[in-house]
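Data first, discussion second: the structure below is written as structure tokens.
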There are 2 protein chains.
Amino acid sequence: MTRTDEGEQTPEDVLVALADPIRREVLTILAREGGATSTSLAASLPITRQAVAKHLAVLDRAGLVRAHRAGREVRYEADLQPLRRTTRWMDTLAAQWEHRLNAIKDLAEEATEP
Amino acid sequence: MTRTDEGEQTPEDVLVALADPIRREVLTILAREGGATSTSLAASLPITRQAVAKHLAVLDRAGLVRAHRAGREVRYEADLQPLRRTTRWMDTLAAQWEHRLNAIKDLAEEATEP
DNA sequence: TCCACGTGCAACCAGTAGGTTGCGCATGGA
DNA sequence: TCCATGCGCAACCTACTGGTTGCACGTGGA
């Protein structure tokens, strides 16, 4: 088991996690199957189990997956809540930036046509 | 001038660009000031002009900045449109994944209480 | 005309990301 | 009881990222 004890799960961690196509593919499989182990994921992907484990660690750091031990297997499930938080965070950022840009554009118009 | 001739600008490029705190800071400055040069940005940041130029290249690849030559200066301005597109793309992804997860949850309930 | 200033390009360096192989350990089933 | 299976850990490799310095080029102003 990696951590899952949710340290921070910043929006930045989610962006980093989602920036990799293999990690998005992992989340897609997890959503389609409802859960999977590192071994079963490696069977569906072009990389080894250990590489999958590293990707799962990144996803776990972002809070996007949760690990459950079941016997000698460790089953991973997707948690989309941090993703929803992150899109809202990005929208807020975009709104702030656009607000500043519009304010500047208004100032420019005010100066040219008085 | 870097490229600005918009090659693809995939959501992935936007995620990669936004995953770095310095690049987010660059966008913040660009929105606050309405535009800046690599030299003026380097004055506001703890890194050299050449490092700034590399970050601007990443932002340009994502379509988040646009370069305009003005005399011997190259002025960069923020373009938030790819950011808005990316948040919508992420929302769609989240919706698809949640849809699959809910379908699986329903199946499980159906099986346990018939 | 000439010089200063802003850019662009290239080489270089350290650290990290993504991938591999190898091995040891625990656990569940025959 | 014993063996196959699933995991975790560690070492190692390669490529890319983020940063630096140094230098050459073009352009605008005194």
Side-chain angles (χ1 to χ4, degrees), chain A residues 1-5 7 10 12-30 33-62 64-77, chain B residues 1-5 7 10 12-30 33-62 64-77:
Chain A
M1 203 107 41
T2 44
R3 0 188 348 257
T4 306
D5 52 334
T10 65
E12 174 160 339
D13 289 333
V14 175
L15 290 184
V16 169
L18 249 49
D20 187 290
I22 287 212
R23 284 193 287 266
R24 291 196 300 271
E25 177 70 18
V26 166
L27 283 179
T28 301
I29 296 177
L30 253 35
E33 317 279 327
T37 67
S38 56
T39 302
S40 73
L41 283 167
S44 315
L45 294 170
I47 57 176
T48 61
R49 174 182 61 86
Q50 284 80 352
V52 171
K54 291 188 186 182
H55 285 298
L56 285 170
V58 176
L59 289 166
D60 182 71
R61 210 179 307 145
L64 289 167
V65 299
R66 208 162 303 285
H68 302 98
R69 171 136 245 152
R72 65 182 159 190
E73 289 189 347
V74 177
R75 190 147 208 92
Y76 287 86
E77 295 177 11
Chain B
M1 203 108 42
T2 44
R3 351 182 2 250
T4 305
D5 52 335
T10 65
E12 173 161 340
D13 288 333
V14 175
L15 289 183
V16 169
L18 249 49
D20 186 290
I22 286 212
R23 284 192 287 267
R24 290 196 301 272
E25 178 69 19
V26 166
L27 283 178
T28 301
I29 296 178
L30 252 33
E33 317 279 326
T37 67
S38 57
T39 303
S40 73
L41 283 167
S44 314
L45 293 168
I47 58 177
T48 61
R49 174 183 61 88
Q50 283 81 349
V52 171
K54 291 188 185 180
H55 285 298
L56 285 171
V58 176
L59 289 167
D60 182 71
R61 210 179 308 146
L64 289 168
V65 299
R66 208 164 300 286
H68 302 98
R69 172 135 245 153
R72 67 182 160 190
E73 289 189 348
V74 177
R75 190 147 208 93
Y76 288 86
E77 296 178 10

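As the structure is a prediction and not an experimental result, all values here were calculated from the model. The basis for the numbers below is simple: all heavy atoms, side chains too, and nothing from hydrogens, waters or symmetry mates. By convention in this document, chain letters (A, B, ...) are assigned in the order of the sequence lines, proteins followed by strands, and residues within each chain are numbered from 1.
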Q) Under the 3.5 Å rule, do the base of D:dG22 and the side chain of B:Q50 count as making a donor-acceptor pair? A) yes
Q) C:dT7 base to B:R72 side chain: any donor-acceptor pair below 3.5 Å? A) no
Tell me: [atom1] of [X] to [atom2] of [N], nearest whole Å?
X     : N      : atom1 : atom2 : answer
B:I47 : C:dC13 : CD1   : P     : 21 Å
A:K54 : D:dT14 : NZ    : C1'   : 12 Å
B:R24 : D:dG18 : CZ    : P     : 12 Å
B:L45 : D:dG18 : CG    : P     : 14 Å
B:E25 : D:dG18 : CD    : P     : 16 Å
B:D13 : D:dT17 : CG    : P     : 11 Å
A:E73 : C:dA26 : CD    : C1'   : 14 Å
B:H68 : C:dT7  : NE2   : C1'   : 17 Å

(Q) Could you walk me through whether A:R75 and A:H68 satisfy the side chain to side chain donor-acceptor pair (under 3.5 Å) test, starting with their C-alpha distance in whole Å, then the side-chain angles of each, then the deciding distance to 0.1 Å, before giving a yes or no? (A) CA-CA 5 Å; A:R75 190 147 208 92; A:H68 302 98; over 6 Å; no
Give a yes/no on whether any side-chain N or O of [X] is located under 4.0 angstrom from OP1 or OP2 of [N].
X     : N      : result
B:T39 : C:dG6  : no
B:R23 : D:dG18 : yes
A:T48 : C:dT20 : yes
B:S38 : C:dG6  : no
A:H55 : C:dG19 : yes
B:R49 : C:dG8  : no

Q.
If you define the side chain from C-beta out and look only at heavy atoms, does anything of A:L41 sit under 4.5 Å from A:T37?
A. no
Q | B:L30 vs B:E77 side-chain heavy atoms within contact, under 4.5 Å | A | no
**Q.** Residue pair A:L45, A:V52: steps toward the side-chain contact (heavy atoms from CB on, under 4.5 Å) verdict
**A.** CA-CA 8 Å; A:L45 294 170; A:V52 171; 4.2 Å; yes
Q) Out of curiosity, B:S40 OG to B:I29 CD1, how far, rounded to the nearest 0.5 Å? A) 8.0 Å
Q: Identify whether any heavy atom of B:R75 sits under 4.0 Å from a base atom; if not, whether one sits that close to sugar-phosphate; answer base, sugar-phosphate or nothing.
A: nothing
